[in-house]
Amino acid sequence: MADDLVDPVKTNISYETDEPVLYRTEGPLAYITLNRPDYHNVQNSQMTYALDDAFRRATDDDEVKVIILKSDAKHFTAGHDIGTPGRDFDKSFDRRLMWYDHSNKPGAEKAYIREQEVYLGMCRRWRDIPKPTIAQVHGACIAGGLMLAWVCDLIVASDDAFFQDPVLQMGFPGVEYFAHSFELNARIAKEFLFLGERMTAQRAHEMGMVNRVVSRAELEETVKVMAEKIATQPRLGLLLTKQAINHMEDLQGKRTGMDAVFAMHHFAHAQNQLVKGDYIAGFDGKSMAKANKDKEGGDK
């Protein structure tokens with residue numbers, strides 16, 4: 001083994017399902033459903049690569065015109081997996097992007113390389129899907145959940161949905177796919193991150209982050225009607241329109257800004273490792289969930 005490599009960490013990973021993502025089509029619509037309900041759809045690498053497979057399947061299917069990302073669990077998603085038996089941070093996967101394996105790399109390099117692939121890189125890949133995508137959001141959309149919603153072209157939320165990025169308490173300037181200052185006005189983005197509080201669906205709509213807010217009972221039908229209407233538009237016209245708007249965002253600095261903040265994020269990981277002895281400052285899923293509940297007065 002080369003001098004700058006380490007033995008991969010041996011961990012006991014127990015997946016509760018072989019299908020962390022479900023896929024079905026209905027006419028011109030593809031439904032991609034997050035499927036870790038026992039853990040509020042927190043995202044491990046197993047789910048991330050399954051999502052990539054599902055998005056690729058929908059992209060390759062000429063019958064599919066619009067892709068809908070949704071959940072049938074209590075929440076849309078509670079973010080990244082930092083504490084379930086299926087947490088697979090140390091595991092190697094067949095990579096989709098041009099990054100080398102993270103599992104045998106030392107120090108800060110390990111997390112940096114892994115998150116280039118499964119967080120920043122995958123989200124950028126999904127943002128560029130050449131078909132319209134809609135996030136159908138209910139319940140919690142927290143931290144890594146924001147990333148999944150933000151890569152979609154449209155977000156439709158139920159009135160019980162809320163959005164939150166509480167990772168500043170872990171020392172981070174926000175999640176890895178740092179779209180905050182494009183999704184929100186700069187002062188609102190600072191408030192969102194400084195306080196780490198939940199933003200209601202209605203306020204997110206007022207801020208321009210969400211396209212529509214409807215009752216939970218109306219959510220699925222509202223998204224379906226919108227998607228079916230979009231599906232009547234010409235395929236190439238939809239692709240070019242999506243490319244045009246994404247290109248304008250990138251001209252405004254979205255991609256280069258995200259690269260800079262990703263580096264800041266990993267400086268914080270390294271600082272946590274040095275000061276706390278752990279790259280996420282000693283938090284796990286339960287402690288992070290408790291901190292969020294305490295912040296919000298113990299509800300939900």
Side-chain angles (χ1 to χ4, degrees), residues 20-22 24 26 29 31-43 47 51 66-84 133-169 174-175 177 179-180 183-185 188-189 191-228 285-286 288-300:
V21 173
L22 304 178
R24 69 179 176 88
E26 185 177 324
L29 312 183
Y31 288 90
I32 297 174
T33 304
L34 305 176
N35 187 44
R36 296 190 72 198
D38 292 345
Y39 299 107
H40 303 312
N41 286 335
V42 292
Q43 305 150 38
M47 174 181 275
L51 266 174
V66 181
I67 303 167
I68 297 165
L69 179 64
K70 63 187 288 289
S71 161
D72 288 338
K74 180 179 179 181
H75 298 293
F76 180 68
T77 167
H80 293 144
D81 187 344
I82 58 171
T84 81
T133 54
I134 303 175
Q136 178 179 310
V137 178
H138 70 272
C141 182
I142 300 174
L146 295 169
M147 294 164 55
L148 294 189
W150 285 347
V151 299
C152 292
D153 301 305
L154 305 178
I155 301 174
V156 181
S158 61
D159 53 15
D160 68 345
F162 65 89
F163 303 84
Q164 185 182 23
D165 191 356
V167 302
L168 192 147
Q169 63 192 300
V175 290
Y177 182 83
H180 305 64
E183 298 289 342
L184 298 165
N185 170 278
I188 302 302
E191 175 190 338
F192 188 59
L193 288 164
F194 288 174
L195 297 178
E197 295 174 345
R198 297 173 180 175
M199 178 179 285
T200 65
Q202 184 57 44
R203 189 168 192 224
H205 180 259
E206 292 166 359
M207 297 299 110
M209 193 174 87
V210 167
N211 294 91
R212 298 185 186 180
V213 178
V214 297
S215 71
R216 181 72 170 271
E218 297 173 308
L219 180 61
E220 186 168 354
E221 183 63 20
T222 298
V223 171
K224 182 180 180 181
V225 169
M226 290 176 68
E228 288 177 337
K286 288 183 179 179
M288 197 67 178
K290 182 180 184 302
N292 288 348
K293 288 178 180 178
D294 290 345
K295 186 184 295 291
E296 300 294 331
D299 58 327
K300 299 186 180 180

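Predicted model only: the values in this text are computed from it and were never measured.
Scanning for side-chain hydrogen bond (donor to acceptor under 3.5 Å, both in side chains) contacts around Asn35 gives an empty result, with sequence neighbours left out. With sequence neighbours excluded, the residues satisfying salt bridge (charged side-chain N to carboxylate O under 4.0 Å, His left out) with Glu26 are Arg24, Lys224. Partners of Ala179 according to the side-chain contact (heavy atoms from CB on, under 4.5 Å) rule, which considers only residues two or more places apart in sequence or in another chain, are Trp150, Tyr177, Glu183, Lys254, Met258. For Asp165, the side-chain hydrogen bond (donor to acceptor under 3.5 Å, both in side chains) test picks out His180, with sequence neighbours left out. Every residue two or more places apart in sequence or in another chain that forms a side-chain contact (heavy atoms from CB on, under 4.5 Å) with Ala227 is listed here: Leu29, Val66, Ile68, Ile134. Every residue meeting the ring pair (Phe, Tyr, Trp, His ring centres under 6.0 Å) condition with His80, not counting sequence neighbours, appears here in chain and number order: Tyr119. In this structure Gln202 satisfies the side-chain hydrogen bond (donor to acceptor under 3.5 Å, both in side chains) test with no other residue, sequence neighbours excluded. Gln136 meets the side-chain hydrogen bond (donor to acceptor under 3.5 Å, both in side chains) test with no other residue; sequence neighbours excluded. Qualifying salt bridge (charged side-chain N to carboxylate O under 4.0 Å, His left out) partners for Asp72, counting only residues two or more places apart in sequence or in other chains: Lys70. In this structure, the side-chain contact (heavy atoms from CB on, under 4.5 Å) partners of Gln169, at least two apart in sequence or on a different chain, are Pro166, Phe283, Met288, Ala291, Asn292, Lys295. Partners of Arg212 according to the salt bridge (charged side-chain N to carboxylate O under 4.0 Å, His left out) rule, which considers only residues two or more places apart in sequence or in another chain, do not exist here.
The shortest distance between side-chain heavy atoms of Arg36 and Val42 falls below 4.5 Å. Using a 4.5 Å heavy-atom threshold, the side chains of Leu184 and Glu191 count as separate.
Without hydrogens or angle criteria, Asp81 side chain to Gln43 main chain gives no donor-acceptor distance under 3.5 Å. Side chain of Arg198 to backbone of Gln164: no donor-acceptor contact under 3.5 angstrom is found. In this structure, Asn41 contributes its side chain and Phe76 its backbone to a donor-acceptor pair below 3.5 Å. Under the 3.5 Å distance criterion, the side-chain polar atoms of His138 are matched with a main-chain donor or acceptor of Ala73.
Annotation for Phe163 and Phe192: closest pair O-CE1, 3.4 Å, computed over non-hydrogen atoms. Closest of all the heavy-atom pairs between Val137 and Ala149 is CG2-CB, 4.4 Å. In terms of heavy-atom proximity, Ala143 sits nearest to Val167 at CB-CG1, 4.1 Å. Of all the heavy atoms in Ile155 and Met209, the pair that sits closest is CD1-O, 3.5 Å.
Taking CD of Glu206 as the reference point, atom CD1 of Ile188 lies at 10.0 Å (rounded to 0.5 Å). Distance check: His75 NE2 to Ile142 CD1 gives 7.0 Å after rounding to the nearest 0.5 Å. In this structure, CE on Met226 lies 12.0 Å from CD on Glu228, to the nearest 0.5 angstrom.
Pairs passing the side chain to side chain donor-acceptor pair (under 3.5 Å) check and including a residue from residues 140-149, sequence neighbours excluded, do not occur.
Applying the side chain to side chain contact (heavy atoms under 4.5 Å, CB included) test between Leu69 and each of Val21, Thr133, Leu51 identifies Leu51 as the sole match.
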